[in-house]
Amino acid sequence: MKTLERPRRTSGGRGLFTSFHPGSHYVSTIDEVRALVDVVITQGSFAFDVETVGVLSHHPDLTEQVDQQVKTHVEALTSTSDAITDRARENKEQAMTKTIALDPKRNEVIWVGIATNGYSWAIPVGHPCGEVLVPEEVGNGSTIPPTGHRKILKSGDESLAKARYHIPAVFADPPAQLSRAEVFEALKPIFFDHSLVKVGHNVKFDARTIAKYYGELPVGPLHDTMLVQHALDENISSFRLTSLISTNFGEHNPYSKHGKVGANISTTPFSIACNYVHLDARWTWMLYQKLIRGLTNPLRQVVEQDVRVLEVLMDMEDIGMQVDSKGLASLGEELDSKMTDVHSEITAITYPGFNPDSVKDKRLFLFSAKRDGGLGLKPNKETEKGQASVDHDSLRAMEHKHPIIPLFLNWAEYKKMKSTYVDGLLEKTNKGRLHPNFHLHRTSTGRLSSSDPNLQNVPRDSSIRGLFKADDNSLLIVADYDQIELRIMAMFSKDENMMEIFTKGIDIHTGAASLLFDKPVAEITKDERQLGKSANFLTAYGGGASKLSATSGVTLTKAREIINQYYEQFDGLSLWKHKVVMQAKKDGYVTTISGRRRRLPDINSNKDDLRSRAERQAVNAIVQGSASDICKKAMIKVHPKVRSFGGKLLVQVHDELVVNVPDNDRVDYYSGIIKEEMGHGKDLNNVPIVVSSQSGYTWSEAK
DNA sequence: GCGATCACGCACG
DNA sequence: CACGTACGTGATCCTA
């Protein structure tokens, strides 16, 4: 095996007739691509990385969005001019271009970086510029701008006032480059070979990006440095490649000598970009090697599981979920008109210019003394920083005190719907579909998270979920675990009463209420069941009497009684929780069913609040993390089954899976398969697993 | 007037 | 003293 070459200093060519070669990593001919493919195949695994740009003119729908953004931006300004509008447009266009570059469905590749043992390469396929001919010039306002960059006075003359200016660099033309089509064709053998391990840093992005040029997703196994790092340490603030390199390679700054790419790779000189690209791939490769060497069981199995989930998630992201854009738009208009009404009512009661989105305005109006123009109300609770809270709970508690308060509540509800779910989702639709990002490394418990958009927090209220639709000739099936977290607690603790409730198939909240109030299950009232439910939640989260009294409305004394009774009735559970905390204090971490760890640095802290928090987290991490393990295992099993009958896994919401299936007479069969693969009818050490499912043409019908 | 960051509130499990 | 997330908005500080 060849040892790693030292990265070569690039020549940084200047002038028109420089025939530079950015180094041995630079791949400029198709034969070189073929040669690197041969090398990669002999190595069995490789890291890859793509650099992408967004081209706004390719996306008329987004150009329209920019127009809209500029319009609303300018409308909000106090004064306007052509120059301000132009600058606003430039900013919005730049921002949109950046978003496109990060959207695998819309971006374009301009570089491919590939690395394996002893090698790294950079393949340009559309870098827009060559070397710098004339450097950029930035005036910070302390000088008179050069002619041509000065303000034009009303007289038509150039202003000689000192002012800021920016003259972009002038670049030479870029060298001739291979086309995307021929490069990806030549690289096909390495991206579609099941025997080659393909490694990336956030590999779903790179794989989905290049999928455009193949018409299908690259095949696994796909490995990800982020996953490995997360299994080794979930308490990491930044998972950026540079951060992970400096922590894993002793503060070494991999890019220091070789020029840093600015915010935008497409305005970076060719040779510097070339260096950066091969180094990125190389460092991804080296980081991966280093991290997996540090992986021992059970963390190795954790990563193996997540890698399989990752491939499922990539498919889910790429398929996306259909939404009714027109429905969203008309819901938006509905909300707008409601908001207009509420807003004018609010203004009538308060004053012109009152901003119902401003916590400060609301606080001042509600709580300042009457002589100061306020209502003189007494705050219900404080925020973390000690200010009077104006959140939903506080307002509800004083709802009857003044007619403005229900208006505030209505405003907040409509505003949230409009901005987050109507506008927020609309601007992310692509050909009528939403393609979320699912992350395996952003939670400390091992749960998934979703972003851009987050499809895991779509309101259950049917107004929004009703606009998420099955494909044509399809149905949605939603299958969810019944009380998975409490079942996991029963499994771990082997608490007799809890086991009995589950094995007998009794509703767990009713069962808990029955034990709390010493009454037969049949006689439990709705209120009593609600208390049982609150108490059950309390154990999973580790809350105390004050929280119980706050969430259920009983007195503090009553809450204490209930908690004591709960611990007595579920003594096995209490004992288990105690053991968990002891174990966590000894080891510094807790472990889930699949072997994932949550490290708790504060578990032995001298500070009571920190330590108590860590103790609650210890218990909760096992429960939440194990539930997540079960759902991940289910996804791995469900995915191929569902595909085999033409279905698509669309979304995971922690304990539920949303699946699109063909709308035919076999729907019951499909749900049966899904439930079976999720483990319905099986058990966790004698605690039965129950999965229920529903189907419908929209997400709300299938809830 | 702009971007980055914090505070707050709130949608979900 | 309830666990885990994502994200929109306003307020504030910073900088050109």
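Nothing here was measured: the structure is a model prediction, and the numbers come from that model. The sequence lines fix the lettering, A, B, ..., with proteins before strands; numbering per chain opens at 1.
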(message) Without decimals, in angstroms, what is the distance between A/Lys362 NZ and B/dC10 P?
(response) 7 Å
(request) Could you tell me the separation between the NE2 atom of A/His439 and the C1' atom of C/dA6, rounded to a whole number of Å? (result) 9 Å
(request) Scan A/Val390 against the nucleic acid and name what it touches under 4.0 Å (heavy atoms): base, sugar-phosphate only, or nothing. (result) sugar-phosphate
(request) Rounded off to whole Å, could you give me the CD-to-C1' distance for the A/Gln617 and C/dA2 pair? (result) 11 Å
(request) May I ask you to list the residues of residues 591-607 of chain A, by number, that have any heavy atom positioned under 4.0 Å from an atom of DNA chain C? (result) A/Arg598
(request) Could you check how far CG of A/Asp391 sits from C1' of B/dA7, rounded to whole Å? (result) 13 Å
(message) If you compare every side-chain N and O of A/Arg613 against the phosphate oxygens of C/dC3 (OP1, OP2), does one of them come in below 4.0 Å?
(response) yes
(message) Stem list for DNA chain C, please, built from Watson-Crick and G-U wobble pairs under 3.5 Å and keeping only runs of at least 3.
(response) B:3-9 with C:7-13, B:11-13 with C:3-5
(message) Measure CD/A/Glu427 against P/C/dA6 and give the value in whole Å, please.
(response) 18 Å
(message) Using a 4.0 Å heavy-atom cut-off, does A/His73 contact any base of the nucleic acid, only the sugar-phosphate backbone, or nothing at all?
(response) sugar-phosphate
(message) Please confirm whether the shortest side-chain N or O distance from A/Thr383 to OP1 or OP2 of B/dC8 is below 4.0 Å.
(response) yes
(message) Taking C/dC1 as the reference, what is the distance to B/dC8 when you measure between their P atoms (whole Å, please)?
(response) 14 Å
(message) Can you tell me which nucleotide in B/dA11, C/dT5, C/dA2 comes closest to the side chain of A/Phe537?
(response) C/dA2
(message) Heavy atoms only, 4.0 Å cut-off, all strands: where does A/Glu485 land among base, sugar-phosphate and nothing?
(response) nothing
(message) Whether A/Ser444 contacts C/dC3 is assessed here as follows: a side-chain N or O lying under 4.0 Å from the phosphate OP1 or OP2. Is that the case?
(response) no
(request) Verify the contact: side-chain N or O of A/Thr420 to OP1 or OP2 of C/dA6, cut-off strictly under 4.0 Å; return yes or no. (result) no
(request) Using whole Å, report how far NE2 of A/His392 lies from C1' of B/dC12. (result) 15 Å
(request) Output the single nucleotide from C/dG4, B/dC2, B/dC12 whose closest atom is nearest the side chain of A/Arg87. (result) B/dC2
(message) Given the structure, check if the side chain of A/Asn457 and the base of B/dA11 hold any donor-acceptor pair shorter than 3.5 Å.
(response) yes
(request) Report yes or no: is there a donor-acceptor pair, N or O only, under 3.5 Å between the side chain of A/Gln624 and the base of C/dC3? (result) yes
(message) Would you say A/Arg447 places a side-chain N or O within less than 4.0 Å of OP1 or OP2 belonging to C/dT5?
(response) no
(message) I need a per-nucleotide contact map over nucleotides 9-14 of chain C, read 5' to 3'. Cutoff is protein heavy atoms under 4.0 Å; write B for the base, S for backbone only, - otherwise.
(response) SSSS--
(request) Examine the side chains of A/Glu701 and A/Gln694 and answer whether a donor and an acceptor come within less than 3.5 Å of each other. (result) no
(message) Is it the case that the side chains of A/Glu382 and A/Ser389 hold a donor-acceptor pair, with the cut-off being a distance below 3.5 Å and no angle test?
(response) no
(message) In this structure, is the centre-to-centre distance between the rings of A/Phe354 and A/Phe408 below 6.0 Å?
(response) yes
(request) Measure from the side-chain heavy atoms of A/Lys385 and tell me the nearest of C/dC3, B/dC8, B/dG13. (result) B/dC8
(request) Look at the aromatic rings of A/His509 and A/Phe537 and report parallel, tilted or perpendicular, splitting at 30° and 60°. (result) parallel
(request) Using the salt bridge (Lys or Arg N to Asp or Glu O under 4.0 Å) rule, take A/Lys415 and A/Asp357 through it: C-alpha gap first, then chi angles, then the decisive distance, then the call. (result) CA-CA 9 Å; A/Lys415 179 80 178 192; A/Asp357 286 327; 3.0 Å; yes
(message) Just the rounded figure in Å: distance from P of C/dG8 to CD of A/Gln69.
(response) 12 Å
(request) State whether A/Arg442 places a side-chain N or O below 4.0 Å from either non-bridging phosphate oxygen (OP1 or OP2) of C/dA6. (result) yes
(request) Give a yes or no on whether A/Glu136 atom CD has more than 12 heavy-atom contacts from other residues, nucleotides or ligands under 6.0 Å away. (result) yes
(request) Return the orientation label for the A/His439 and A/His441 ring planes: parallel under 30°, perpendicular over 60°, tilted otherwise. (result) perpendicular
